[in-house]
Amino acid sequence: MSLMQGSILRASELVDNVLDFARGRLGGGMTLSRDASAPLGPVFEQVVAEIVSVNPDHDIETHFEVQEPVDCDGVRLGQLLSNLLGNAVTHGAKDQPIAVRVTAVDGELTISVANGGQPIDEAARRKLFQPFFREEIRPNQSGLGLGLHIASEIAKAHGGNLEVTSDENVTRFAFTMPLETAEP
Ligand SMILES: Nc1ncnc2c1ncn2[C@@H]1O[C@H](COP(=O)(O)OP(=O)(O)O)[C@@H](O)[C@H]1O
Ligand SMILES: [Mg+2]
């Protein structure tokens, strides 16, 4: 993977997030195309492979355990994972492993990403999911602070939840959604 491809990947993620934010503000909200029969594994493997190829020196461990069909929008959940994993690589400690877990067991889908590094303090944790929030603004920083906002919108559209925990050992973002939605 060349430097150029890495830049293209980041730029296209940025554009996706900005367009989704604009669409949300124009009304309409986030629409999903759910498909319970589409296999989820390959979607997540692709997202991880892309980020691994741009960050070959970062130790990224994955655990996939999707045994039950998931009625969801795989493209959107792939975008959610991409935003979380991109953040772990960008904002976490470079010399500590990142753990990605996707499980669909016991009636619940969980997508979690954990990294080391400076903890996110409580005041910041409360604002993290608001559009354009960034903890610190660095020169040449490409992110706009939309990734977590979009990820939380994707979570909400699925009737799920996106939560963060952070201390000196680990910062973990976890999306959960029930696999069985109540029949109307
Ligand atoms: N895994 C993480 N570890 C530490 N800080 C994080 C992590 N993910 C997000 N953050 C903080 O939350 C802010 C918002 O994240 P995000 O919405 O994805 O925006 P961006 O990545 O464009 O800055 C980041 O700027 C960073 O300060
Ligand atoms: Mg981000």
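First listed ligand is number 1; within each ligand, the first listed atom is number 1. What you are looking at is a predicted structure, and each value in this text was computed from that prediction instead of being measured.
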Name each donor-acceptor pair under 3.5 Å that joins a side chain in residues 104-115 to protein atoms two or more places apart or in another chain, with its distance.
none

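For the residue pair Glu61/His63, the side-chain donor-acceptor check at 3.5 Å is not satisfied.
The closest side-chain heavy-atom distance from Asp20 to Arg23 is below 4.5 Å. Taking the side chain as every heavy atom from C-beta outward, Val70 and Met177 approach each other to under 4.5 Å.
Counting heavy-atom neighbours within 6.0 Å of Gln118 CD, excluding the residue itself, gives a total of 12 or less. Counting non-hydrogen atoms of neighbouring residues, nucleotides and ligands closer than 6.0 angstrom, the NZ atom of Lys94 exceeds 12 such neighbours.
Closer than 4.0 angstrom to ligand 1 lie heavy atoms from Asn87, Ala88, His91, Asn115, Ile120, Leu128, Phe133, Arg134, Glu135, Gln141, Gly143, Leu144, Gly145, Leu146, Gly147, Leu148, Thr171, Phe173.
Look at Thr90 and the Mg ion (ligand 2): no N/O/S atom of the residue is under 2.8 Å from the metal.
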